[in-house]
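Quick notes on the structure that follows.
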Amino acid sequence: MTYAKPEFKSQYENFIGGQWIAPKSGEYFENISPVDGEVLTKIPRSNEEDIELAVSSAKAAFETYKHTSVVERSALLNKVADAIEANLERLAVAETLDNGKTVRETLNADIPLVVDHFRYFASVIRAEAGTVADLDANTISQEVYEPYGVVAQIIPWNFPLLMAAWKLAPALAAGNCVVMKPASATPMSIILMMEIIGDILPAGTVNIINGAGGKIGKYLTTHPDVKKVGFTGETTTGQLIMQYATENIIPSTLELGGKSPNVFFESIMDSDDEFFDKAIEGLVLFAFNSGEVCTCPSRALIQESIYEPFMKRVLERIEAIKLGDPLDPENMMGAQCSQNQKDKILEYIKIGKEEGAECLIGGEALENSKYPNGFYIKPTVFKGHNKMRIFQEEIFGPVLAVTTFKDEKEAIEIANDTMYGLGAGVWSRDAHQLHSMSRAIQAGRVWVNCYHLYPSHASFGGYKKSGIGRETHMMMLNSYRHTKNILTSYSKNALGFF
Ligand SMILES: NC(=O)C1=CN([C@@H]2O[C@H](COP(=O)(O)OP(=O)(O)OC[C@H]3O[C@@H](n4cnc5c(N)ncnc54)[C@H](OP(=O)(O)O)[C@@H]3O)[C@@H](O)[C@H]2O)C=CC1
Ligand SMILES: CCCCCC/C=C/C(=O)O
């Protein structure tokens with residue numbers, strides 16, 4: 001059964017102070033679905049006046065929200081999770097239409113992970129114990145946490161709802177109020193989510209403002225009432241965000257690009273068993289989410305002794321990927337997110353061919369007879385070397401660059417020969433090798449004999465130009481609050497203990 005395309009309103013508004021509010025300019029932009037290239041709806045093109053309203057609404061809401069107890073905030077996040085779960089299918093279909101990814105993924109990964117993320121942060125704030133130290137018999141040092149206030153969050157288009165959840169849940173759990181700007185390519189599913197959870201949240205705690213990041217992003221992130229910025233997106237945009245944050249000396253958390261190595265050692269082929277099949281699936285995950293993942297395992301490093309037999313099986317598996325209508329749950333790959341992204345990927349395929357990489361499979365757009373105007377690209381594999389641009393630059397599409405290595409030392413050299421350091425995979429039956437490789441690779445997340453798992457409770461973030469800070473773990477709470485030390489003397493007469 002293929003999911004039907006639901007009816008959406010012809011136009012949506014910003015969500016500010018608990019109300020749906022038209023942009024001051026009266027201007028809207030068209031939201032195009034990558035599934036068929038058709039206009040889904042129209043979205044506000046906000047300007048500085050809209051940001052003023054959103055920030056002042058968040059600031060006003062913070063005056064009350066900052067006094068909520070962890071019990072109240074935990075209950076709130078659980079209610080949000082329940083409401084999203086109750087609307088899982090509706091949100092999954094909307095996410096598919098907005099982004100182009102398959103319902104197979106949105107139903108089974110994106111939206112369930114959103115739900116779990118709110119529940120995780122609802123739980124950890126209840127489980128937190130503070131820190132109190134006896135510095136001497138009469139002196140106590142106590143760490144307490146206080147929310148920053150208004151937080152600006154700017155998110156990308158590859159996992160619109162999940163990236164919103166990754167940022168909203170810890171910020172709200174820590175007691176902040178938020179102004180979030182979704183990506184212009186995928187504004188709609190977040191608006192639908194706010195239609196579902198808007199009434200649960202106290203007015204002004206979450207404000208959603210749409211518009212072009214290049215036009216309003218600086219105004220938002222340098223606003224004097226914004227006390228923290230959270231960003232996910234391209235590394236060059238992250239550099240700008242960091243500069244903006246320095247204007248008012250506020251912290252920023254940046255989750256940026258990647259060119260993740262996925263390293264396969266010869267022991268995976270010691271016998272032709274389930275583990276070998278698992279390793280093949282692990283490599284083919286470069287096509288997960290049509291490659292539009294910051295941690296896409298876009299570089300496969302294969303020990304030269306197994307290259308031929310391993311790649312033979314891998315290519316057979318890629319050939320079997322079902323690509324097409326994302327609303328058909330049988331399909332494993334859907335559309336790329338936008339015309340821009342499709343053009344960018346095709347340009348990189350051209351670059352790969354021009355720089356002499358050998359195209360082993362794919363290498364072109366897919367003509368989709370059902371949706372001739374949708375944005376589809378065949379999974380593509382190139383063989384080449386790590387100095388090529390297709391090995392060094394983030395393509396953000398279903399394009400895998402494969403190379404070989406002789407031994408562990410060379411594998412580490414190639415894996416780390418990148419400006420990025422977000423994710424990595426290591427596959428082997430040798431526990432010592434797995435351990436030494438996972439310690440040697442410079443990346444914030446190393447998947448060992450697995451890939452693309454994103455549980456709440458496991459920290460996520462980058463080394464090098466892949467970012468600063470960690471998400472998806474309770475440590476994120478400290479990125480959304482001040483630590484205050486209260487140093488108390490109970491001595492009747494001595495001023496200090498030194
Ligand atoms: N690491 C990751 O998770 C992601 C990486 N990328 C990479 O980036 C490439 C380009 O994608 P793109 O969407 O342009 O990525 P961007 O980094 O430009 O966009 C991410 C978010 O930042 C906003 N933004 C853009 N410019 C500014 C600015 N000057 N100030 C504040 N916010 C801004 C965007 O708004 P708007 O959409 O309105 O422009 C969007 O909400 C992709 O091809 C991919 O390689 C993209 C998305 C996620
Ligand atoms: C199935 C969940 C995938 C989550 C991927 C997280 C990626 C973040 C990013 O691309 O920024």
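Atoms within each ligand, like the ligands themselves, are counted from 1 in listed order. Quantities reported herein were computed from a predicted structural model and do not represent experimental measurements.
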Task: Test item: protein heavy atom less than 4.0 Å from atom 14 (O) of ligand 1 - done: no
TODO: Using a 4.0 Å heavy-atom threshold (strictly under), name the region of Cys294 that reaches ligand 2: side chain, backbone, both or neither.
DONE: both
Task: Salt bridge present between Asp36 and Lys5 (N-O < 4.0 angstrom) - done: yes
Task: Shortest protein contact, atom 12 (P) of ligand 1 (heavy atom only) - done: Trp157 NE1, 3.7 Å
TODO: Indicate, as side chain, backbone, both or neither, the part of Gln341 found under 4.0 angstrom from ligand 1 when only non-hydrogen atoms are considered.
DONE: side chain
Open item on the list: I need the nearest protein heavy-atom contact for atom 20 (C) of ligand 1: residue, atom name and distance, please.
Closed with: Thr232 O, 3.8 Å
Open item on the list: Which residue and atom name correspond to the protein heavy atom nearest atom 28 (C) of ligand 1, and how close is it?
Closed with: Gly213 O, 3.4 Å
- [ ] With atom 10 (O) of ligand 2 as the reference point, say which of Asn158, Ile155, Leu256, Val293 has the nearest heavy atom.
- [x] Asn158
Task: Heavy-atom closest contact (Ala165 atom, Val114 atom, distance) - done: CB-CG1, 3.8 Å
Task: Protein contact to atom 1 (N) of ligand 1 [nearest heavy atom, distance to 0.1 Å] - done: Leu256 O, 2.9 Å
- [ ] Within a distance under 4.0 Å of any heavy atom of Ala109, pick out the atoms of ligand 2 and give their elements.
- [x] 1 (C)
TODO: For atom 6 (N) of ligand 1, state which one of Tyr420, Phe396, Tyr348 supplies the nearest heavy atom.
DONE: Phe396
Task: Short N-O contact, Glu52 and Lys24, less than 4.0 angstrom - done: no
- [ ] Kindly indicate whether the side chain of Asn78, heavy atoms from C-beta on, has any atom under 4.5 Å from the side chain of Arg119.
- [x] yes
Open item on the list: Quick test: of every protein heavy atom, which one is nearest to atom 48 (C) of ligand 1, and how far off is it to 0.1 Å?
Closed with: Pro156 CB, 3.3 Å
- [ ] For atom 6 (C) of ligand 2, grab the closest protein heavy atom and report residue, atom and distance to one decimal in Å.
- [x] Trp166 CH2, 3.5 Å
Open item on the list: Heavy-atom pairs closer than 4.0 Å: do any link ligand 2 to the side chain of Leu162, the backbone, both, or neither?
Closed with: side chain
Task: Which segment of Leu220 sits under 4.0 Å of ligand 1 when only heavy atoms are counted - done: neither
Task: atom 25 (C) of ligand 1 [closest protein heavy-atom partner, distance rounded to 0.1 Å] - done: Thr237 CG2, 3.7 Å
Task: Interatomic spacing from CH2 in Trp447 to OG in Ser260 - rounded to 0.5 Å - done: 6.5 Å
Open item on the list: At under 4.0 Å between heavy atoms, is it the side chain or the backbone of Glu105 that contacts ligand 2, or both, or neither?
Closed with: neither
TODO: Please identify which atoms of ligand 2 are closer than 4.0 Å to at least one heavy atom of Thr232.
DONE: 11 (O)
- [ ] Grab the two heavy atoms, one from Ile125 and one from Ser74, that are nearest each other, plus how far apart they are.
- [x] CD1-N, 3.8 Å
- [ ] Indicate yes or no: does an N/O atom of Glu394 lie under 3.5 Å from an N/O atom of ligand 1?
- [x] yes
TODO: Considering the heavy atoms of Phe288, write down every atom of ligand 2 situated less than 4.0 Å from one of them.
DONE: 1 (C)
Open item on the list: Taking distance alone, with N or O pairs closer than 3.5 Å, would you say Gly217 contacts ligand 1?
Closed with: no
Open item on the list: I'd like to know if Arg317 and Glu281 make a salt bridge, using a cut-off of under 4.0 Å between side-chain N and carboxylate O.
Closed with: yes
TODO: Write down the atom of Pro44, the atom of Tyr12, and the distance for their closest heavy-atom approach.
DONE: CD-O, 3.2 Å
Task: Proximity flag Ser466 to ligand 1, non-hydrogen atoms under 4.0 Å - done: no
Task: Closest non-hydrogen atom pair between Lys378 and Leu323, with its separation - done: CA-CD2, 3.8 Å
Open item on the list: Just so I know, are the side chains of Met388 and Phe382 near enough to count as touching, which here means a heavy-atom distance under 4.5 Å?
Closed with: no
Task: Minimum side-chain heavy-atom gap Leu422-Phe460 below 4.5 Å - done: yes
Task: Gly233 N/O to ligand 1 N/O under 3.5 Å - done: yes
Open item on the list: For a 4.5 angstrom cut-off between non-hydrogen side-chain atoms, does Asn248 reach Lys227?
Closed with: no
TODO: Identify which of Ala183, Ser184, Pro160 has a heavy atom lying nearest to atom 38 (O) of ligand 1.
DONE: Ser184
TODO: Kindly assign one of parallel, tilted or perpendicular to the pair His452 and Phe288, based on the angle between their ring planes and the thresholds 30° and 60°.
DONE: tilted
Open item on the list: I'd like to check whether Lys181 has a polar contact with ligand 1, where a contact means an N/O of the residue lying under 3.5 Å from an N/O of the ligand.
Closed with: yes
Task: Given Leu77, Val80, Asp82, the one that forms side chain to side chain contact (heavy atoms under 4.5 Å, CB included) with Ile200 - done: Val80
Open item on the list: I'd like to know if Phe460 contacts ligand 2, where contact means a heavy-atom distance under 4.0 Å to any ligand atom.
Closed with: no
Task: Close approach of Phe159 to ligand 1, heavy atoms, under 4.0 angstrom - done: no
Task: Test of proximity, Cys294 against ligand 1: N or O pairs below 3.5 Å - done: no
Open item on the list: One residue to check: Glu292. Relative to ligand 2, which of side chain, backbone, both or neither has a non-hydrogen atom less than 4.0 Å away?
Closed with: neither
TODO: Please answer whether the main-chain N or O of Gly257 pairs with a side-chain N or O of Ser466 as donor and acceptor at a distance below 3.5 Å.
DONE: yes
- [ ] May I ask you to check whether Trp166 and Tyr120 place their ring centres under 6.0 Å from each other?
- [x] no
Open item on the list: If you define the side chain from C-beta out and look only at heavy atoms, does anything of Gln153 sit under 4.5 Å from Asn176?
Closed with: no
Task: Those atoms of ligand 2 less than 4.0 Å from some heavy atom in Met163 - done: 6 (C), 8 (C), 11 (O)
Open item on the list: Once you measure the plane-to-plane angle for Trp427 and Phe264, does it fall in the parallel (<30°), tilted (30-60°) or perpendicular (>60°) bin?
Closed with: parallel
- [ ] Looking only at distances, please establish whether an N/O atom of ligand 1 is found under 3.5 Å from an N/O atom of Glu255.
- [x] no
Open item on the list: My understanding is that we take every heavy atom of each candidate and find the minimum distance to atom 45 (O) of ligand 1. Doing that for Met180, Glu393, Lys344, Glu234, which one comes out nearest?
Closed with: Lys344
Open item on the list: Can you confirm whether more than 12 heavy atoms, excluding those of Lys350, are under 6.0 Å from its NZ atom?
Closed with: no
TODO: Answer with yes or no whether Gly258 contacts ligand 1, where contact means a heavy atom under 4.0 Å from a ligand atom.
DONE: no
TODO: For atom 32 (N) of ligand 1, grab the closest protein heavy atom and report residue, atom and distance to one decimal in Å.
DONE: Ile154 CD1, 3.7 Å
Open item on the list: Donor-acceptor pair, distance only, cut-off 3.5 Å: does the side chain of Thr472 make one with the backbone of Ser456?
Closed with: no
Open item on the list: With a 4.0 Å cut-off on N to O distance, would you call Lys465 and Glu394 a salt bridge?
Closed with: no
Open item on the list: When you measure from the heavy atoms of Thr295 to every atom of ligand 2, does any distance fall below 4.0 Å?
Closed with: no
Task: Closest approach of any protein heavy atom to atom 11 (O) of ligand 2, naming residue and atom - done: Glu255 OE1, 2.8 Å
Open item on the list: Could you check whether atom 22 (O) of ligand 1 has a protein contact, counting only heavy atoms that fall below 4.0 angstrom?
Closed with: yes
Task: Close N or O approach (Ile155, ligand 1; < 3.5 Å) - done: yes
Open item on the list: Keeping Asp98 on the side-chain end and Met188 on the backbone end, is there a donor-acceptor pair under 3.5 Å?
Closed with: yes
TODO: Would you mind listing which atoms of ligand 1 come within a distance below 4.0 Å of any non-hydrogen atom of Tyr244?
DONE: 29 (N), 30 (N)
Open item on the list: Heavy-atom distances under 4.0 Å decide this one: backbone, side chain, both or neither, for Leu113 against ligand 2?
Closed with: side chain
